[in-house]
Undergrad: 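Quick one: the structure is below, questions incoming.
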Amino acid sequence: MHTLSDLLQKSACALLTFLLPLSSLAGADSGQALAVNMFRLLVSQEEGNVVFSPSSAEAVLHMLSEGAGGATRAELQALPYGKQGVASTLSTESAQALFVAEDMALKPRHTQNIYRLSFAGNPQKAAQSINTWCQEKTRGKISELLKPQDITPLTRLVAANAVYLRGSWLHPFDPAHESEFILSGGKVTKTFMMGKTATFAYASGQDWQAVALPYKPQQKGEAAYFIGILPAGDARAYAAGLTPQLLSSIRRQLAQATPARGLVQLPRFEHVTPTYSLKPALMQLGVRRAFDNRAADFSGFADEPLVLEDVKQKCLIKVDEEGTEAAAATAGIISLRSMPRLDFILTFDRPFLWLICDLTTDAPPYFMGLFEKP
């Protein structure tokens, strides 16, 4: 059980997470700091069910940092990424690609998984080509990451990642039965609830309970689990206040828990998200130069004035009696910098007068004229 002092410390940590730059968290639980903080910011900006793939997002941010330069690169590299390429007992599939404008002189360091597209000539077809790649790499689960309007004639490069996994429960659930589910406002609705009595890792605190549901090993690596966390109060508020330290504590307590026999009941559910923009969350977490039309530096990709327009992500999750299927695709869209805002536009598209002279004396103009027709 947590003491009042513990709870006050948690509240302070949650508040600091909102107020301090993400770099200040790099020293503590940095492996999941980026994941947790992007997730809580997504929860604050999106309504309803939220599904987020930190793995896919971090892969794209790595790709963008490799193509960035100067302060933009330093800003992206300062993010507290988690460990990459950790072997898991789950068989996961991950792919990445750079979709590059056909006339772009890409720096020679970029040689793998390059696809040339005509962004300027046919933006709609280019968007469809990227969506087709995402669909193939997620086994048909993510079919429309980008909309036609996401690609414009100014688009020069899209860095993309796709992740797919499927895991079978070590202890499959019994067939689901219709049961009640209490919504956030207290209203009761119906859902199909799966149940299983078995031995699980279970832990609890003053304001939460958690269980780790193991997946059947498919290969050598770190054991994989579906971790369910049930807050005592409002789940959205709990998610919005989640910190890397708190999540680490829950995971650690589950890892150290003595296996206990219990009944777990879990809704059978499937959810496909809309395409999220990760830009607001990334900007709140300190990634600003990359999106700045004047300051962005992506000279690692090409000698062109480039800016990061947006980072998009779409996810799918399916949980049933047999196991879990999940997929995600993420794309970082890089465009030519737009021209700075103009104070006026003057088009000489009708007859006009002209002079050749100075501005500071009353000397007669060297030439004057009237241009009446081309």
Side-chain angles (χ1 to χ4, degrees), residues 53 56-57 59-69 72 93-164 272-279 282 290-294 296-316 327-342 345 347:
S53 174
S56 183
V60 167
L61 291 171
H62 269 294
M63 296 169 69
L64 295 174
S65 69
E66 290 173 0
T72 302
E93 301 170 17
S94 180
Q96 60 187 40
L98 287 178
F99 297 91
V100 184
E102 55 188 2
D103 62 335
M104 183 177 185
L106 193 66
K107 293 287 180 73
R109 73 181 73 167
H110 306 284
T111 59
Q112 295 184 333
N113 303 318
I114 308 298
Y115 298 85
R116 293 285 181 171
L117 297 177
S118 178
F119 292 123
N122 197 332
Q124 186 169 355
K125 184 178 179 181
Q128 184 55 51
S129 296
I130 297 170
N131 286 337
T132 298
W133 180 88
C134 293
Q135 187 171 12
E136 291 174 352
K137 299 303 180 182
T138 60
R139 298 197 182 187
K141 300 303 177 182
I142 305 297
S143 59
E144 190 183 10
L145 172 64
L146 300 180
K147 298 189 182 303
Q149 60 266 30
D150 291 327
I151 302 299
T152 74
L154 291 178
T155 302
R156 301 297 285 162
L157 182 147
V158 175
N161 172 270
V163 175
Y164 174 86
V272 180
T273 70
T275 296
Y276 297 141
S277 170
L278 303 183
K279 179 177 178 178
L282 287 169
F291 297 106
D292 190 321
N293 193 53
R294 296 179 183 273
D297 180 354
F298 286 98
S299 56
F301 282 129
D303 293 324
E304 295 183 11
L306 302 173
V307 64
L308 182 60
E309 292 285 350
D310 209 341
V311 179
K312 303 277 193 177
Q313 185 177 96
K314 187 171 185 175
C315 301
L316 170 143
T330 308
I333 304 169
I334 290 180
S335 300
L336 282 175
R337 292 183 189 174
S338 58
M339 295 297 292
R341 185 182 65 84
L342 301 177
I345 296 176
T347 303

Undergrad: Regarding R139 and E93, does a basic nitrogen lie under 4.0 Å from an acidic carboxylate oxygen?
TA: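 Salt bridge: yes.
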Undergrad: Surrounding NZ of K107 (heavy atoms of other residues, nucleotides or ligands, distance under 6.0 Å), is the total greater than 12?
TA: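 More than 12 within 6.0 Å, yes.
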Undergrad: Is L146 close to I151 at the side-chain level, that is, under 4.5 Å between some pair of heavy atoms?
TA: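 When only atoms from C-beta onward are counted, L146 and I151 do touch, with a gap below 4.5 Å.
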Undergrad: Can you sort out the partners of K141 under salt bridge (Lys or Arg N to Asp or Glu O under 4.0 Å), two or more places apart, ordered by chain and number?
TA: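 Here the qualifying residues are E325.
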Undergrad: Side-chain contact, heavy-atom cut-off 4.5 Å: L336 with P305?
TA: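 Yes - at least one pair of side-chain heavy atoms lies under 4.5 Å apart.
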Undergrad: Look only at the side chain of S299 and the backbone of D303, and say whether a donor-acceptor pair between them is shorter than 3.5 Å.
TA: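 No, because the side chain of S299 does not come within donor-acceptor range (under 3.5 Å) of the backbone of D303.
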Undergrad: Determine, stepwise, if the pair T152 / F119 fulfils side chain to side chain contact (heavy atoms under 4.5 Å, CB included).
TA: CA-CA 7 Å; T152 74; F119 292 123; over 6 Å; no
Undergrad: Less than 4.5 Å apart, any side-chain heavy atom of N122 and any of L117?
TA: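 With C-beta onward as the side chain, the pair stays apart.
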Undergrad: Tell me whether R156 contacts the main-chain N or O of L306 through its side chain, where contact means a donor paired with an acceptor under 3.5 Å.
TA: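 A pair under 3.5 Å: no.
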Undergrad: Tell me whether T138 contacts the main-chain N or O of C134 through its side chain, where contact means a donor paired with an acceptor under 3.5 Å.
TA: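 Yes: the side chain of T138 pairs with the backbone of C134.
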Undergrad: Report yes if the side chains of T273 and C315 come closer than 4.5 Å at any heavy-atom pair, otherwise no.
TA: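 Heavy-atom side-chain distance check passes, below 4.5 Å.
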Undergrad: Applying side chain to side chain contact (heavy atoms under 4.5 Å, CB included), name anything that partners S94, two or more places apart in sequence or on another chain.
TA: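 Partners of S94 by the side chain to side chain contact (heavy atoms under 4.5 Å, CB included) criterion, ordered by chain and then number, come out as N161, V163.
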Undergrad: So how far is it from K125 NZ to I130 CD1, rounded to the nearest 0.5 Å?
TA: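 That separation rounds to 13.0 Å.
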Undergrad: Using atom types as modelled and distance alone, determine if a side-chain donor or acceptor of Q313 lies under 3.5 Å from a backbone N or O of S53.
TA: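 Yes, Q313 side chain to S53 backbone: donor-acceptor pair under 3.5 Å.
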Undergrad: For residues V311 and L64, determine if any side-chain heavy atom of one lies less than 4.5 Å from a side-chain heavy atom of the other.
TA: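 Yes, side chains in contact.
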Undergrad: Looking only at the side chains, is there a donor atom on one of T132 and E136 sitting less than 3.5 Å from an acceptor on the other?
TA: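 On atom types as modelled, these side chains do not qualify, holding no pair under 3.5 Å.
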Undergrad: Do R337 and D292 sit within salt-bridge range, that is, some charged N less than 4.0 Å from a carboxylate O?
TA: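 Looking at D292 together with R337, the answer is no, because their closest N to O distance does not fall below 4.0 Å.
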Undergrad: For V60, is there any backbone N or O sitting under 3.5 Å from a side-chain donor or acceptor partner on T330?
TA: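 No; zero donor-acceptor contacts below 3.5 Å.
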Undergrad: Report yes or no: does H110 contribute a side-chain atom to a donor-acceptor pair with the main-chain N or O of G300 at less than 3.5 Å?
TA: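 Checking the backbone N and O of G300 against the side chain of H110, a donor-acceptor pair under 3.5 Å is found.
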Undergrad: Looking at side-chain heavy atoms only, is the closest gap between P153 and P123 below 4.5 Å?
TA: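 Touching, per the 4.5 Å side-chain cut-off.
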Undergrad: Return the orientation label for the F99 and Y115 ring planes: parallel under 30°, perpendicular over 60°, tilted otherwise.
TA: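 Parallel.
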Undergrad: Would F298 and V307 count as a side chain to side chain contact (heavy atoms under 4.5 Å, CB included) if you check the C-alpha gap in whole Å, the side-chain angles of each, and the deciding distance to 0.1 Å?
TA: CA-CA 7 Å; F298 286 98; V307 64; 5.7 Å; no
Undergrad: Among all residues two or more places apart in sequence or in another chain, which pass the salt bridge (Lys or Arg N to Asp or Glu O under 4.0 Å) test with D310?
TA: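 Testing D310 for salt bridge (Lys or Arg N to Asp or Glu O under 4.0 Å), a comparison that skips the adjacent residues, returns K312.
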Undergrad: With rounding to the nearest 0.5 angstrom, report the CG to CD1 distance, L154 to I334.
TA: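 Here the interatomic distance stands at 13.5 Å.
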Undergrad: Counting heavy atoms not belonging to Q112, are there more than 12 under 6.0 Å from its CD?
TA: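 Counting neighbours around CD of Q112, 12 or fewer heavy atoms of other residues, nucleotides or ligands fall under 6.0 Å, so no.
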Undergrad: Heavy-atom distance under 4.5 Å between the side chains of K314 and Y276, does that happen here?
TA: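 No. Closest side-chain heavy atoms not under 4.5 Å.
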Undergrad: Do the side chain of T275 and the main chain of L145 share a donor and acceptor less than 3.5 angstrom apart?
TA: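 Yes, the answer is positive, given that a donor and an acceptor are paired below the 3.5 Å cut-off.
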Undergrad: Do L98 and N113 come within less than 4.5 Å of each other through their side chains, counting heavy atoms only?
TA: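 Side-chain contact under 4.5 Å: no.
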